[in-house]
Amino acid sequence: MFYSRGDRINQTSRHDFALVTYTLRMMPIASVYDEDNVGGYGSPPAGMEEENALNPIGANNLLESYDDINRYLGNVWGEYDILENLTYKLNISYDTRNVRNEFFEPHYNLGVFFTNNTAKLTENTFQNTQTLIENTLNYQNDFGDHSVDVLIGYTEERNDYEVMEAHAEGYTKPYFKVLDAGTENITIQGSTQGHNLRSYLGRLEYNFDDRYLLTASVRRDGSSRFAAENRYGVFPSASVGWRISEEEFFEVPHINNLKLRGEYGILGNQEIGNYQYQASINTSGVHYNFGNTLAPGAIQTELANTNIKWEENVTGNIGVDLTMFDNRFQVTAEYYYSETQDLLLGVPIPPSVGSTVNPTVNAASLKNSGVELDVSYSNVIDDLSYSVDANVATVNNEVLSLGGGEPIFGAGSRTAVGSEVGELYGYVRDGLFQEQSEINNVPPEDSGFDTNAHAFQAPGTAPGDIRFKDLNDDGVINANDRRYLGSVIPDFTFGFGGNINYKSWNLAMRFTGQYGNKIYNSVRQQMEGTDLFWNYTSRKLDYWTPDNRDTNMPRPAYQDPNGNDRMSDRWVEDGSYIKLKNVQLGYSLPQDLLERFGLRSLQVNASVQNVFTITNYMGLDPALGPTGYNNWNDGLFSRGIDAGSYPHPRIYTVGIQLGI
Amino acid sequence: MMYIRKINIILVVLFVIAMNGCDEDLLNTPNPNEPTNQTFWQTESDAVNAVNGVYSSLGTNGMFQDWGLNVINIRGDDTVGDSPWDEFNVLGDFNALSDRASITGFWNSLYAGVFRANQVIQRVPEMDIDSDLKTRVVGEAKFLRGLFYFHLVSNYQNVPLILEPAETEEDYNMEQAPPEQVWDQVIQDFQDAKAALPPKSSYSSNDMGRASWTSAAGYLGRAYLFREEWANAEDEFQDIIDSDEHSLMDDYRDNFTEEHENNQESLFEVQFSGDVTGEGQYTARAAQYAPTGFGWADVLPSRGLFDAFQQEQTVSGNDDPRLYATLFYNRPGMTVYGVPYEEEYGEGTDAIFWRKYLTDEPGGTEVDARGEINERLLRYADILLMYAEANNEQGDQAAAAEYIQMVRDRANLPDRETEFANYTQQQMRDRIAHERFLELAGEGKRFFDIKRWGWFDDSDKLQELKDNDAEFEAYTEGREILPIPQDEIDTNPNVEQNDAY
């Protein structure tokens, strides 16, 4: 039995960008605090009300959001030996999680577009219950050098979700932050969902003399997320291992263990929303009113694909494990290949179809392959012991098929058959226009188009604007002049580190990094854009003027008539980096000193996380983390975008460990 | 303690067994929240709720709650985009490219509406329900589909014509239809709707705002004007005028208030109400059009509009009352949400802001973006002026003069019917253009008027537009048609971008 309870205070950013971006966008001359302003925090000063930025400190402090989390977990099992080697086991577990979120928005004025005149309270409760019953029958026996382990099983899993939201407004000061104190716009909403799984499984493990190892398994899984005819999938897998070092003929000095291994298998995936195969009628979101009286609405707003089935992930790998020099040196090397087939995905469909969501379909197949290598060495010399290790991994990705064959466009990216997922995609720059005579302000069909000048970009193009390459040479710069701008998948990722112990002292450090990927720096896109009212980076000061022509920084222009800020190679940067992720120094007090105080152990340590990063990336941190409210990275077609990613904080920790 | 734990374990075991059992239907889980397409479409309330769901698209963000409203307004010479968020401004500058929120939002919402209307038009006729109700519901859906395509073809010009709800992938990648074919369908839908729908006066207060036959006839006549089928247009407007279903409100301003929604002058409007939840609870117009200090002033009236109001005074020598109903401007006694104009904006300032469709409630503000005033899409004054136009184009300047003066009378402007009746056809066109400019400013009509009148191809008229609204300096040929959204181009191999993009 297990019960846990937690409270969590959430970072409360809002609107369309993360607080990181607003912190940069807010003009530095605005005051942080202002007693006379509603809410007590400053907003852009008089005359600059049009600045589209909010006071980030105010936003973070004024908006209150916290979670109460309660979790109960129960697990019981029983075993019965039917025969000497045959065991029946029943395992039952029950897990329920209750989350209550409270979000209070007081009155504030943090900027003209970030003003709240009505205090609001929203309470959300979310309950998720999972019950699991597992029945297994296990036979285990050894016949001489042969060892056999067979298992068959039947499992059922049931998941239920319930959500409820209550909202009220019209709170006055002093705030009583309970629903009862709200006076206007009181609403309540709730819904329930569930999904269930049923599985039949079998597994065989065979081991001969610890030299030959074989595991084979097959499972038949049924999911309520698919229509009856596609409900079940069958997923076999097998792995073999050969410990060469156990063979009698193997007499290579210094080698303690050498094992070759290989694996092949198919895994099923059904991680999509519930009821996706059913064409549901929307009865909650399409109401209207006549004469200010509610007119309940009900109509299908989302298309469904009734034929969806299990996604399959076919994986294979071969690897070698080697241990040498009295186990001091270890190497693990592996090549893997995986192919995802019938990837379940909401492929964008033409908006003219009129569905408000893209129906989930078995849309794509992808291939991933690569090599992973781990090496470590450790040694002890008198009072000194140390270990070092390093790892490197590569991944090659290719899209084998995709929906109806049309490329899918993400945020500044494109995914097409035969290329990588989420490649950065956009326009290519070709310097700045220096003279009006280089520019066409009318399209080629119109009179006045100058064939000696550059292709038509926009009616408002002027000297100091970026000249984009006319890749298809048709005299117009449009969406057809975009191309591949780089891969967001690193050539390789790596880590290395070590540990040194000398007498009572201990020093550990770890580096991580990646090489060869590109990042779409959308924060810089905002900070160098200079087409609207907010704070800009000082790099922008080098902008083009007739007297400052030797620059690649385009002219500042209200509303950006030339589209200088459009997705282009201008915003694509090298994302390679090495980061000292962690360094820790520890000291253990000597034993004789401890005994004097009656202690068993006392260790003092100090550590720093995210110590430094070596990179050419111009943003805050090339190791992109969550970007807050409007995270453009969907993990599939849009990735490698820095839209205000919260940088990894440097954390200093001092600790004492006491053993009594 | 141990004792309690044992009981807990037993309870959990019993509970889990009870919950799971050996459930035959474990994997058969119908959605517990909503009916499906198979179980729905049975009763009369299903049919009514379904068509309510079609109306609901009118209030979506992409349509008249926000983007669609701005698309049809800002490109006119009555309206200027002036926002730190340049989505508004690019519309006025004829530089809204294919990935803009407005371009994408309006298209997506119109087609979402078409998808919904098509469901009603396909499903409801097969239902076993009262035939009068059936006729009305299908008529409403046809009116709405006509309205959606009316906006699609008049804004984007080359659009796919989809008349059945998509079911499988084969239904996805529709080609663009020739604009004439889309117009034919618009006219057909409005004709069908006109024949099927009841008069406005027959609706009870709980149904006030549903499409009536005059809604359909008004839009049908307007569609005929786009096609320059003057006699057909005249017939439709004549039907409305003869019906006694509509008349002008005494006070012009009553057309833009919460209090006088669905009034006798209104032929069709988008319903907003804070009292009910849904897609169209609030309109964004209030916050976006409200003056600095009380809203975001993203959208302003043009200087040319203000100047046009100066041409004539009322018979009692005052400003045209429609000017005061339409704009905040510096005149003696002008207040803005209760605050004296000069106190708010400084002495001697000549800033102008929209007042139409705003509450202007003393002490109030619109920054919460909670406008509840219905958007009047078609009103009787427009019908009278369109009737005048249809007559003028057929050579009947006298009839035109009479109906123009009717609209002028409400504004207390001098009686110039006799003078107008002697105008040439061209003079009368200019007069109608002027009267429509003032009467319908900021109501999403001006841009389509100047476009169908060919002003973009007439250098004198284009100069007049530039004088009214400097945004027209950025106009280049073909940009009066919106681009096809990039999302459509990217996903649908059978569509082509419009020429000017």
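Note that the structure is a prediction, hence the values are computed from the model and not measured. Order of the sequence lines fixes the chain letters, A, B, ..., with proteins taken first and strands second; residue numbering starts at 1 for each chain.
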- [ ] Any chance you could lay out the side-chain contact (heavy atoms from CB on, under 4.5 Å) test for Asn52(B) and His287(A), step after step, and finish with the verdict?
- [x] CA-CA 7 Å; Asn52(B) 291 348; His287(A) 300 323; over 6 Å; no

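- At a 4.5 Å heavy-atom cutoff, Asn274(A) makes no contact with chain B through either its backbone or its side chain.
- Leu58(B) touches chain A through its side chain: at least one heavy atom from C-beta onward sits under 4.5 Å away, while N, CA, C and O do not.
- Under a cut-off of 6.0 angstrom, the local environment of CD in Glu259(B) is sparse, with at most 12 non-hydrogen atoms contributed by other residues, nucleotides or ligands.
- Contacts between Leu197(A) and chain B at a heavy-atom distance below 4.5 Å involve the backbone alone (N, CA, C, O).
- None of Val270(B), Val54(B), Val51(B) except one satisfies the side-chain contact (heavy atoms from CB on, under 4.5 Å) rule with Tyr288(A); the exception is Val270(B).
- When heavy atoms are compared at a cutoff of 4.5 Å, Glu258(B) approaches chain A solely by way of its side chain, counted from C-beta outward.
- Interface residue Asn95(B): only side-chain heavy atoms are found under 4.5 Å from chain A.
- Closest of all the heavy-atom pairs between Asn108(B) and Pro351(A) is OD1-CB, 3.1 Å.
- Interface remark: Asn262(B) contributes side-chain atoms only to the contact with chain A (heavy atom separation under 4.5 Å).
- In this structure, Asn49(B) and Pro296(A) approach most closely via the heavy-atom pair OD1-O, 3.2 Å.
- We find the CG-CG distance between Asp25(B) and Asn196(A) to be 10.5 Å, quoted to the nearest 0.5 Å.
- Distance CD/Glu156(A) to CG/Leu26(B): 5.0 Å, rounded to 0.5 Å.
- Heavy-atom distances place the side chain of Gln278(A), and not its backbone, under 4.5 Å from chain B.
- Within the 4.5 angstrom heavy-atom criterion, only side-chain atoms of Pro160(B), from C-beta onward, approach chain A.
- For the residue pair Gly274(B) and Asn185(A), the shortest heavy atom distance occurs at O-OD1, 4.0 Å.
- For the atom pair CD of Glu169(B) and CD1 of Ile349(A), the computed distance is 9.0 Å after rounding to the nearest 0.5 Å.
- Summarising the local packing, CD of Glu184(A) is surrounded by more than 12 heavy atoms from other residues, nucleotides or ligands at distances under 6.0 Å.
- When all heavy atoms of Leu27(B) and Arg231(A) are compared, the pair lying nearest together is O-CZ, 3.1 Å.
- For a residue to count as touching a neighbouring chain, one of its non-hydrogen atoms must lie under 4.5 Å from one of that chain's; by this rule Glu488(B) touches chain A with backbone and side chain alike.
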TODO: Could you walk me through whether Phe290(A) and Tyr55(B) pass the ring pair (Phe, Tyr, Trp, His ring centres under 6.0 Å) test, one step at a time?
DONE: CA-CA 10 Å; Phe290(A) 290 111; Tyr55(B) 281 102; 5.0 Å; yes

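- In the displayed structure, Glu477(B) atom CD is contacted under 6.0 Å by at most 12 heavy atoms of other residues, nucleotides or ligands.
- Atom CG of Leu303(A) sits about 4.0 Å away from atom CZ of Phe115(B), to the nearest 0.5 Å.
- At a 4.5 Å heavy-atom cutoff, Asn307(A) makes no contact with chain B through either its backbone or its side chain.
- Neither the backbone nor the side chain of Asn118(B) comes within contact range of chain A; no heavy atoms are under 4.5 Å apart.
- Only the side chain of Asp298(B) has a heavy atom closer than 4.5 Å to any heavy atom of chain A.
- The part of Phe456(A) that comes within reach of chain B is its side chain, from C-beta onward, which places non-hydrogen atoms under 4.5 angstrom from that chain.
- For Ala50(B), the parts sitting under 4.5 Å from any heavy atom of chain A are the backbone and the side chain alike.
- With a 4.5 Å cut-off on non-hydrogen atoms, Thr29(B) touches chain A through its backbone and its side chain both.
- Contacts between Arg123(B) and chain A at a heavy-atom distance below 4.5 Å are absent for every atom of the residue.
- Here the closest non-hydrogen pair linking Asn33(B) and Thr283(A) is O-OG1, 4.0 Å.
- With a threshold of 4.5 angstrom between heavy atoms, Asn478(A) approaches chain B through side-chain atoms but not through N, CA, C or O.
- Heavy atoms of Ala228(A) lying under 4.5 Å from chain B are absent altogether.
- Summarising the geometry, atom OH belonging to Tyr172(B) is positioned 11.0 Å from atom OG belonging to Ser352(A); distances are rounded to the nearest 0.5 Å.
- Once rounded to the nearest 0.5 Å, the distance linking CZ of Phe40(B) with CD1 of Ile281(A) reads 5.5 Å.
- At a 4.5 Å heavy-atom cutoff, the contact between Ser191(A) and chain B is made by backbone and side-chain atoms alike.
- For Gln457(A), no part lies under 4.5 angstrom from a heavy atom of chain B.
- Enclosure of atom CG in Asp499(B) is not indicated, since only 12 or fewer non-hydrogen atoms of other residues, nucleotides or ligands lie within 6.0 angstrom.
- Options Ala298(A), Ser355(A), Gly405(A) differ in how many heavy-atom pairs under 4.5 Å they form with chain B, and the most are formed by Ala298(A).
- The shortest non-hydrogen separation linking Asn173(B) to Pro350(A) is OD1-CG, 3.2 Å.
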- [ ] Step by step, work out the side-chain contact (heavy atoms from CB on, under 4.5 Å) result for Phe272(B) and Asn289(A).
- [x] CA-CA 7 Å; Phe272(B) 293 104; Asn289(A) 77 86; 5.6 Å; no

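- Considering only heavy-atom pairs separated by less than 4.5 Å from chain B, the leading option among Ser224(A), Ala479(A), Pro459(A), Gly297(A) is Ser224(A).
- Only the side chain of Gln486(B) comes within contact range of chain A, judged by heavy atoms closer than 4.5 Å.
- For a residue to count as touching a neighbouring chain, one of its non-hydrogen atoms must lie under 4.5 Å from one of that chain's; by this rule Thr301(A) touches chain B with backbone and side chain alike.
- Looking at Glu269(B), the atoms closer than 4.5 Å to chain A (heavy atoms on both sides) all sit in the backbone: N, CA, C or O.
- Proximity to chain B (any heavy atom under 4.5 Å) is shown, for Val347(A), by neither the backbone nor the side chain.
- Contacts of Ser109(B) with chain A are absent, with no heavy-atom separation under 4.5 Å from either backbone or side chain.
- Proximity of a side-chain donor or acceptor of Gln119(B) to a complementary backbone N or O of Gln300(A) within less than 3.5 Å is detected.
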